[in-house]
Each structure stands twice: as C-alpha cells, then as structure tokens.
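So that the names make sense, note that chain A is the first sequence line, chain B the second, and so on, each numbered from 1.
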Protein chains: 2
Amino acid sequence: MLARAAPEVLRRQLRLYLVTDEGLCRGRPLADVVAAAVQGGAGCVQLRDKQLGTREFLAQALVLKSLLAPLAVPLVINDRVEVALACGADGVHLGQGDMAPEQARRLLPPHVFIGWSVQTLDDVARSASLPLDYLGVSPVFATPTKTDTKAPWGLDGLRQVRAATALPLVAIGGIHPGNARAVLEAGADGLAVVSALCAADDPGAAARVFHAQMGIP
Amino acid sequence: MLARAAPEVLRRQLRLYLVTDEGLCRGRPLADVVAAAVQGGAGCVQLRDKQLGTREFLAQALVLKSLLAPLAVPLVINDRVEVALACGADGVHLGQGDMAPEQARRLLPPHVFIGWSVQTLDDVARSASLPLDYLGVSPVFATPTKTDTKAPWGLDGLRQVRAATALPLVAIGGIHPGNARAVLEAGADGLAVVSALCAADDPGAAARVFHAQMGIP
C-alpha cells in the first residue's frame, strides 16, 4: 500500500492545478493539452466531465493516468469515486452535490487524497470534522466555466477561509496570470485553472506564464 | 462476507423486476411506488437515474436499501458502482456505456451480482467470457422510456438470445401484462418493467396483474 503524500508535497503539487474541460480544448485531444500543461509546470491534474458516460470517462482517466504516473504528477478524479478506484487515481475531488467525503473515505484506499469544494463559511466550518486533504475555494471570481456555483468568494472571502482552516487551499474560478499573485497573497496555496490552460493557444507556455507570475522558478 | 444468492434464487427474484424512473411516478415519492410494487410481488428493484447528482442518487439508494433489506428484496444500482458500494446494494446493472463488467467485478464484493444489457448478438457472444449473473435483453419491444437503444429484439430475437446463453435473461422494453406471457415463453426468466409499474394508478395492483398473467400464484 502506498503511503499518502506528505502534506507539504501535496501542497507543492497543488500550486498550479489543471482542471480539465474537454469542451474548451478547441478540438485538441485532451491528453495533448494535459501533457503540454504539465510540461509547462502544472503539478496536479483533475479530470472533470459531467457529460461522459462512465465507460468513456474511465477510458479518459486511464489515458491520463498512464501519461501522468511516470511524471509523478497526481491524477485527481472529479466526483466519480468508482472511476478513481478503477483507474488508480491519486486523488478525488468532491463538490457539494457529490458523495459526502466520509463515504468516499470509506471506499478509497488510504493513499488517495480527497479535496472538497467549499462555497460558504458553513462549509469551511464543517470541513474541520471531515477527512479532507485540501479545500477548493469555489468560485474565487465569477467564471463562465461553471454556472451552478454560489456567489464568488472574492479575495476578502478567500482571506476569511484562510483564517478559518489550516488545510491547503486551492482557489478556483476566473483565475488568470493577472490575478494569480493576488490570489496567493490572499492565502491560497494553489491555483486551479480551467480555461486559462485548456483554451490557451499553447497550454505549456500558459503554464509557464503562471509560474512566472507566481514567482516559481 | 455474505455469499452470493444461489442462481435459482436470483432467477426467481428477477421474475418481476422493477426498474425505477422517478419522472414517471406522477409526483408520488419513489419509495412509496417501490414499496407498493414490492408489496404486489416485484422481486427485485433497480434504482436508475441518469440525471441526479451522486449525493442525491446515493440518498435515494439508502432509502430504498432500508426499505428493501427487511423484505429480502435485492436492490440493484444502475451504472454507479460507487453508489452500490456506499449503499450496500445487492447488485449492479451495467449498460454498454457504463463501466465494463470485469472492472466492476474487481471493485465489488463477491456477493454483489452483476447484470449487463445486451443489444446485439455480438454482446451476447461476449457475455460468455464476462463475470455476469444475468443479461438484460434490451429493448425487447420499442419503448418511449429509453431512447438511446438499438433496434428492438422482438420475440424472435429473444429466442435467439435464449439459445445462445445459459445466463438468466431479463427482458426489458415495452413490457405490459398483455405481452408478459409471450415474453416468458420466448425464453425470458424475468420481466423488467418501468412505466407499467411506476406510472400505474396502483403499482401494487399492477404488479399483481403481472403475476396473474405470468402464472405466479
């Protein structure tokens, strides 16, 4: 049994966190976009697709797992715990409408980490008693990528979350190189990015621009 | 660890097999419709919902599990292996777009049975090498309930499936009391019914009518 990555390793991997949206990849194969973004410095990849059937979703997960495992980049599966189990994912990301973290924890091997989206300070308060490895602060800014979310946290909200928990925080929603530094300064450990990487002309170059803005060599 | 039910027990439970569709329940709580149909003789219940988020789907599964377990009526989960694991379901039903049966088998405890929808004779041929407990012959007749299916098998097609496999066969699609007997005579072990039970004025009475037509006392 693999041990779970140490918290400081996970925190570093989460710094630039690609969340996939195949519909934003402009016809390019998802694996190509992921490979480029990782080459450019994305340290963690979440496969997210609420449309695909289980078979196709798992097929994509297996492709990404075989791409990422040799690079020691963790693959996180959004929502679907059975897909995470079947592909040997490193993590699972759960939203408020997904399986409860306690239930997912019972089904997953101990080395698989769990992230959870928080949309309110009540969620943050509840997170203290849940078996979680990081929180997704969602959305930080308004975003067209996800439309089922609550009001954006903003930087002030992010600061409040930071003050309320010691868990690693990944900010998501409307993040681009221009606001990356401010989001980190407000307390995020990592930036989760969808369109600014998936839709970029060159996802690798886009990842490097994020790194430069974030002060990562 | 529970043993899996003996094949003859499963075959009997599958004879009248309710597949849920909350949208057809005319505003009645799904659990009430299920309870009535089981009271009337349905021997197996499949929870099927391709719209609900994981959390709500699992909540429904837990309600049905607590209803059905004391009655020794198996609960089958459509597609979502993680929901089956989390609710302690007795079976999983997989379509051609769901997880492959071999993969599901690896994730599920040995006592959980697996059904698989076959839409072509190629599927039936492949089923011989898969870890399956029954086949769903889908659709037997044209049906408005599911629109993503291939051409109906018809009774002749069902006879061909019967000749090609020894697995229990559950026929689904357009089944009502008027054709129940003919479907059994063509080789089905069980009838899977959606609208003829879910949408019935009295799902319990509707189940009893099926039983009478099927010659079950």
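Within a 6.0 Å sphere centred on CD of Q51(A), other residues, nucleotides and ligands contribute 12 heavy atoms or fewer.
Contacts from residues 34-47 of chain B to chain A, taken as heavy-atom pairs separated by less than 4.5 Å, involve no residues at all. Contacts with chain A (heavy atom to heavy atom, under 4.5 Å) involve these residues of residues 63-82 of chain B, listed by number: D79(B), R80(B), V81(B), E82(B).
Interface summary for chain A: among G95(B), A104(B), G97(B), the most heavy-atom pairs under 4.5 angstrom belong to G97(B). Ranking A100(B), A59(B), G53(B), A84(B) against chain A, the residue ahead of the rest is A100(B), based on heavy-atom pairs under 4.5 Å.
Although no hydrogens or angles enter the test, the distance criterion places no donor-acceptor pair under 3.5 Å between the side chain of R106(B) and the main chain of A86(A). Judged by distance alone, with hydrogens and angles left aside, the side-chain atoms of R55(A) form a donor-acceptor pair with the main-chain N or O of D98(B) at under 3.5 Å.
Atom CG in L85(A) sits 7.0 Å away from atom CG in L85(B) (nearest 0.5 Å). Note that OG1 of T54(A) is 10.5 Å distant from CD of Q103(B), once rounded to the nearest 0.5 Å.
For L107(A), the part lying under 4.5 angstrom from a heavy atom of chain B is the side chain only.
Shown here are the side chain to side chain donor-acceptor pair (under 3.5 Å) partners of T20(B), two or more places apart in sequence or in another chain: there are none. Partners of R11(A) under the side chain to side chain donor-acceptor pair (under 3.5 Å) rule, at least two apart in sequence or in another chain, are D189(A).
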